[in-house]
Amino acid sequence: MARIGKIGGSSRSHFCSNTVKTSRYSWYSFVPLNLAEQFRRVANSFFLLEGILMWIGWYHPSIFQSPFNPWSTMGTLLFVLSVTLLKDGIEDIARHKADWQENARQVTTMRDCVEKRVSCQSLRVGEWVKVHNGEQVPADMVAIEASNEDNELFVETSNIDGETSLKLRHCVNGYHKVTDPDSCLASLNDMFECEDPNKHVSSFICTITTSVGRKLVATTDNLLLRGSIVRNTNWVYGFVVYTGKDTKIMQNMHKVPAKLSSIERTTNRTLIFVFCMQLVFVVVSVILCSWVKGEGSGSGYGGKSSDTTLPFWFAQGLTFFLLYCNMIPISLYVTIEMVNVAQAHFVNNDKEMMCTDGHDCEEVQIPSECRESKLCQEIGQIEYVFSDKTGTLTKNVMEFKQCSTRTAVYASMEAMEIGKNDP
């Protein structure tokens, strides 16, 4: 299968829009999906079960007797779920805002050979796009003409693969100039044929057929990926081949999973152990209660009547199960969520974690952004860092420390000061 399109614009119904979506929830799925994620936590499911049992035992004492009012647990559980619901909602609103900013970003396109400023989400496959120096490429596009005389351009792909070093790209050789009005009108009858959308960044073949029947070939050397930034080039023209979820960067993105941190997984295992211990206490209590009842000195928990619909041992087991429910604190997850929010705040505002962007002869301090507060705690549990390239650790900045020539050692002032302070 191959994708065939017309250069200069195509029907919106043939291909997907250029809208991107990285948010996890929509307005109608937020509550059910978030609650389903929250009940993956053992404690929340445990307290829901206890609340239901309390409700039955409190309002239907003929079945069995509950020692507590159900609202003592259900009210607190609703508060715990609401706090987490509010926190996750605020985080997802930030994702929706980022998506809206990206989709509403203004780009320069050429429609009917006239430059126009349109929103990024309105781009169509086959449409001409002009990207200026320092701007992000709005969609996967084939470079046709650049401001440099040799039709070469440089792009930065740090948003895609983390590499800050510039990569050289070339425009398609032999295609007419887009900036020439006559050539632009002639290109409206040109067609292109490329492979179907896929996630292979290093593989791309596109055949351009001009109105006079001449065929040109474009490869990965001519492809500008969405998210890459044009550098050291005043402008570049190209036509769009993939939009929205069909772009290679979106093809490589997976659905945002509901993540559990190491502490939450450990907490779940610990709570299962506490739950088993609670069952042991319940069994021992029921045995002792049955023995006391057999001796004729009692009739059940708290001296209450044992005349219930359920068998005596089972009704007493449920009563003691609810009585020992405080072994698991219901405020546990609320405390963890408060710590996560505080850690995320510190990460977002830590000046030492800011990144310096030094391109275009202007240094810009970019703060870190925590998009998942529950994973902040993972940072403090990192023991080893494996890297296949030193630039990841040194930020591609090499600073002189010291060197030796035969018996002479030459060191920077900073290294000498550190050496003096070492014992």
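Count residues from 1 along the sequence. Computed from heavy atoms alone, side chains included, the values below leave out hydrogens, waters and symmetry copies. What you see is a predicted model, and the numbers here were worked out from it, not measured in a lab.
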For [X], what residues pass the ring pair (Phe, Tyr, Trp, His ring centres under 6.0 Å) criterion, not counting sequence neighbours?
{"X": "F68", "value": "none"}
{"X": "F47", "value": "none"}
{"X": "F30", "value": "Y25"}

- For R226, what residues pass the salt bridge (Lys or Arg N to Asp or Glu O under 4.0 Å) criterion, not counting sequence neighbours?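 R226 satisfies salt bridge (Lys or Arg N to Asp or Glu O under 4.0 Å) with E102 only.
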- In this structure, are over 12 heavy atoms from other groups packed under 6.0 Å from F314 atom CZ?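 Result for CZ/F314: open.
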- Message: Can you confirm whether more than 12 heavy atoms, excluding those of M338, are under 6.0 Å from its CE atom?
- Response: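 Atom CE in M338 is not crowded, with 12 or fewer foreign heavy atoms closer than 6.0 Å.
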Among residues at least two apart in sequence or on other chains, which ones pass side-chain hydrogen bond (donor to acceptor under 3.5 Å, both in side chains) with [X]?
{"X": "T210", "answer": "none"}
{"X": "T209", "answer": "K215"}
{"X": "S285", "answer": "Y324"}

- In chain order, what residues pass the side-chain contact (heavy atoms from CB on, under 4.5 Å) check against K167, with sequence neighbours excluded?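 For K167, the residues satisfying side-chain contact (heavy atoms from CB on, under 4.5 Å) (neighbours in sequence not counted) are V155, T157, D161, E163, R169.
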- Message: My understanding is that only residues two or more places apart in sequence, or in another chain, count here; which of them pass side-chain contact (heavy atoms from CB on, under 4.5 Å) with N148?
- Response: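 Checked N148 against side-chain contact (heavy atoms from CB on, under 4.5 Å); matches are D150, T233.
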- Message: Filter on ring pair (Phe, Tyr, Trp, His ring centres under 6.0 Å), then keep only pairs touching residues 74-116, sequence neighbours left out; what's left?
- Response: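 Output for this query is empty, none listed.
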Output side-chain donor-acceptor pairs under 3.5 Å for residues 48-55, partner residues at least two apart or in another chain, one line each.
none

- Could you tell me whether E115 and K130 make a salt bridge, using a distance below 4.0 angstrom between a side-chain N and a carboxylate O?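 Between K130 and E115 there is a salt bridge, with a charged N closer than 4.0 Å to a carboxylate O.
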- Query: Can T19 and N103 be counted as having a side-chain donor-acceptor contact under 3.5 angstrom?
  - Reply: no
- Message: Measuring from atom OG of S158 to atom CD1 of I229, what distance do you get when rounded to the nearest 0.5 angstrom?
- Response: 5.0 Å
- Any idea which heavy atoms bring A218 and V142 closest together, and the distance?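 So the two residues come closest at CB-CG1, 3.8 Å.
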- What heavy-atom pair brings V42 and N268 nearest, and what distance separates the two atoms? N-OD1, 3.2 Å
- Only pairs at least two apart or in different chains count here, so list each salt bridge (Lys or Arg N to Asp or Glu O under 4.0 Å) that has a residue in residues 64-90. K87-E91, K87-E337
